[in-house]
2 protein chains.
Amino acid sequence: MLSGEKISYRDVKNEILNRIHNRIWAPGSLMPGEIELAEEFGCARATVNRAMRELAEEGIIDRKRKAGTRVNIAPVRHAKFEIPLVRSEIEALGATYRYAFISRSVEVAPDWLRAQIGLGDEDKVLHIECMHYANNAPFQFEDRWINVAAAPQILDVDFSTISPNEWLVSELPFSDAEISFSASAVDERLARFLSMYKGEPHFLSERVTWLKGMPITFAQMSYGRGYRMTTRY
Amino acid sequence: MLSGEKISYRDVKNEILNRIHNRIWAPGSLMPGEIELAEEFGCARATVNRAMRELAEEGIIDRKRKAGTRVNIAPVRHAKFEIPLVRSEIEALGATYRYAFISRSVEVAPDWLRAQIGLGDEDKVLHIECMHYANNAPFQFEDRWINVAAAPQILDVDFSTISPNEWLVSELPFSDAEISFSASAVDERLARFLSMYKGEPHFLSERVTWLKGMPITFAQMSYGRGYRMTTRY
DNA sequence: CAGTGGTCTAGACCACACA
DNA sequence: GTGTGGTCTAGACCACTGC
């Protein structure tokens, strides 16, 4: 089985995956150690290490010091979703993007918002509502709250021409985010904006972002009829 | 800035992130090369490489041979979702899991299914419907189709006690999967199973899996009222 | 305490993409 | 061509954790 080629960590990864698929290493069983595999494959331990590290990140195997490496019984697979700008999302569909501003106000953060993202009693927020269209059809309604203390300059931005989504991405970095998806019924007002019927289901995405512990923004994004979020893994 | 400690790739990663947040390296700008950074940080190039590679995987920076490394303008962030067994999902909530079998049949794959996952004219599929309960409240309705050719032994499995979800995970590996999420209205039948009203919105998850090009299974999972899928990144 | 994975190093060669 | 990232190596020490 000699070959002049060098062994790549991808080769090692594939071979390991094959052996798992073929039950040579059954789920739950202990795999050989890095040194042993390195000898078998004729490569450095670092190469085997990288292969196994990636498989562990992907949830295929489970590694523990001293205990060794085991094939996961119930591989907790991970699906990766891209979280793009709405504009990019729409343009990627080959559609023309249009932005429409709806409303703007500055107010003391309401109770539910303070609780949701962690703000003080007196903290002010900028509240923006707007729409994103694809080929002039309603695509997404955006309802966003921004912590003024995190970005005082926000008060001077003219959101009638640029979406808060876009401004934030280019001006305010964040370190942590929480995102969640659910299904909900559109109320009367939302129905008008999205050209839907009251009570119709819509896909709802909610996001909170922080920069090193300071809350930046909370946003609810309501997608129009027929929206699907898809990925491969 | 001498320190006796060795520099870890995590240190490098954090320092790079700080510089990006502080606009020392602005979005779109070219960062120093690996060799230069390795000298500055007093570590090996491999260490800087690992830090930058991970940042690239996370979508923070963009790397190209010869062209160098740039800070991403619109960081296409990735959110990772765990795709667990329903059982694990429910048990993680601290609830008691219960499985209920609804129906089973073997048939020639209907047109829409053949198109959806790529089956031949005569290919047979096993169709299973079942429910997953959390503390005896309806949690998820599962409507699953399994390619018999991919796993002939499936016909002998007694799905009245084990869920197809669980059986597949432990018996049939897969190499690729496509998953998508959407919002939809429950029809009359589904409403009865989920204890909801006809027309109420529900969160719908659809998944197809393949093993090296051979379609394994297509499943529609309808979640009950109030379901949210959440992650941090 | 001893074995396994986790990480760092210093050096080397390669592959790709831009000039 | 030539510079940058991509990867491999051989060796070393460390950290965690099961025994």
Side-chain angles (χ1 to χ4, degrees), chain A residues 1-17 19-20 25-73 75-76, chain B residues 1-17 19-20 25-73 75-76:
Chain A
M1 197 72 93
L2 283 181
S3 81
E5 299 297 316
K6 268 196 187 169
I7 304 298
S8 144
Y9 75 95
R10 287 164 210 273
D11 303 333
V12 176
K13 225 173 136 175
N14 282 331
E15 179 57 23
I16 293 177
L17 274 175
R19 294 189 185 183
I20 291 178
W25 296 324
S29 68
L30 195 63
M31 295 169 49
E34 294 187 348
I35 303 170
E36 193 176 330
L37 286 177
E39 279 168 8
E40 185 196 333
F41 291 129
C43 64
R45 181 167 81 100
T47 305
V48 175
N49 180 276
R50 176 155 182 198
M52 293 179 95
R53 177 164 27 95
E54 292 194 358
L55 288 170
E57 275 169 14
E58 291 163 25
I60 310 285
I61 61 181
D62 198 35
R63 319 196 74 193
K64 274 185 197 150
R65 286 164 151 127
K66 169 72 181 173
T69 301
R70 290 181 178 281
V71 181
N72 259 338
I73 301 209
V76 177
Chain B
M1 199 71 91
L2 282 182
S3 79
E5 299 297 314
K6 269 196 185 168
I7 303 299
S8 144
Y9 76 97
R10 287 166 209 272
D11 302 333
V12 176
K13 224 173 137 176
N14 282 331
E15 179 56 24
I16 292 178
L17 274 175
R19 294 188 186 183
I20 292 177
W25 297 323
S29 67
L30 196 63
M31 295 170 47
E34 294 187 348
I35 303 169
E36 194 176 328
L37 286 177
E39 280 167 8
E40 185 197 333
F41 290 130
C43 65
R45 180 166 83 99
T47 305
V48 174
N49 180 278
R50 176 154 181 198
M52 293 179 94
R53 177 164 27 96
E54 292 196 357
L55 289 170
E57 275 169 13
E58 291 163 24
I60 311 285
I61 60 180
D62 200 33
R63 320 196 72 194
K64 274 184 198 153
R65 284 162 150 129
K66 168 74 181 169
T69 300
R70 290 181 179 278
V71 181
N72 259 337
I73 301 208
V76 176

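Within every chain, numbering begins at 1; the chains are lettered A, B, ... in the order of the sequence lines, protein sequences first and strands thereafter.
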Q: Grab the two heavy atoms, one from B:Arg53 and one from B:Arg63, that are nearest each other, plus how far apart they are.
A: N-NH1, 4.0 Å
Q: Would you please confirm or rule out a distance under 4.0 Å between OP1 or OP2 of C:dC8 and any side-chain N or O of B:Tyr9?
A: no
(Q) Please evaluate residues B:Lys13 and B:Glu58 with respect to the criterion side chain to side chain contact (heavy atoms under 4.5 Å, CB included), reporting the C-alpha separation (whole Å), side-chain torsions for both, the decisive distance (0.1 Å), and the verdict. (A) CA-CA 12 Å; B:Lys13 224 173 137 176; B:Glu58 291 163 24; 2.9 Å; yes
Q. Under a 3.5 Å cut-off on both pairing distances, which runs of 3 or more consecutive Watson-Crick or G-U pairs involve DNA chain C?
A. C:1-18 with D:1-18
**Q.** Whole-Å distance separating the CG atom of A:Asp11 from the P atom of D:dT9
**A.** 11 Å
Q: For residues B:Cys43 and B:Val48, report the shortest heavy-atom separation together with the two atoms involved.
A: SG-CG2, 3.7 Å
**Q.** Spacing between A:Glu34 atom CD and D:dA10 atom P, to the nearest angstrom
**A.** 15 Å
**Q.** side chain to side chain contact (heavy atoms under 4.5 Å, CB included) between B:Ile61 and B:Ile20, worked out
**A.** CA-CA 10 Å; B:Ile61 60 180; B:Ile20 292 177; 4.0 Å; yes
Q | Side-chain donor/acceptor of B:Asn49 to backbone N/O of B:Glu34, under 3.5 Å | A | no
(Q) For a quick test of reading the model: is some side-chain N or O of B:Thr69 closer than 4.0 Å to OP1 or OP2 of D:dG5? (A) yes
Q | Rounded distance (Å) that lies between atom P of D:dG3 and atom CZ of B:Arg63 | A | 18 Å
Q) How many Å lie between CG on A:Leu37 and P on C:dG6, as a whole number? A) 13 Å
(Q) How close do B:Ala51 and B:Tyr9 get, counting heavy atoms only, and between which atoms? (A) CB-O, 3.5 Å
Q: Mark yes when over 12 heavy atoms from residues, nucleotides or ligands other than B:Leu30 sit less than 6.0 Å from its CG; otherwise mark no.
A: yes
Q.
If I take atom CD in residue B:Glu57 and atom P in nucleotide D:dG6, what distance separates them, rounded to the nearest angstrom?
A. 10 Å
Q: Quickly work out the B:Glu36 CD to D:dT4 P distance and round it to whole Å.
A: 9 Å
Q. Any donor and acceptor pair, going by atom type alone, linking the side chain of B:Asn14 with main-chain N or O of B:Asp11 inside 3.5 Å?
A. no
Q. Whole Å only: how far is the CG atom of A:Asp62 from the P atom of D:dG18?
A. 11 Å
Q.
Please find the pair of heavy atoms, one from B:Leu37 and one from B:Trp25, that lie closest to each other, and give the distance.
A. CD2-CH2, 3.9 Å
(Q) Looking at every non-hydrogen atom in both residues, tell me the closest pair between A:Phe41 and A:Ile7 and how far apart they are. (A) O-CG1, 3.4 Å
Q: Pull out every residue in residues 47-56 of chain B that has a heavy atom closer than 4.0 Å to any atom of DNA chain D, ordered by number, or say none.
A: B:Asn49
**Q.** B:Met31 and B:Arg19, any side-chain heavy atoms less than 4.5 Å apart
**A.** no
Q) Going 5' to 3' along nucleotides 11-19 of chain C, which nucleotides have protein heavy atoms under 4.0 Å from the base (write B), which only from the sugar-phosphate (write S), and which from neither (write -)? A) -B--BBBB-
Q. What is the distance from NZ of B:Lys13 to C1' of C:dC8, rounded to the nearest Å?
A. 17 Å
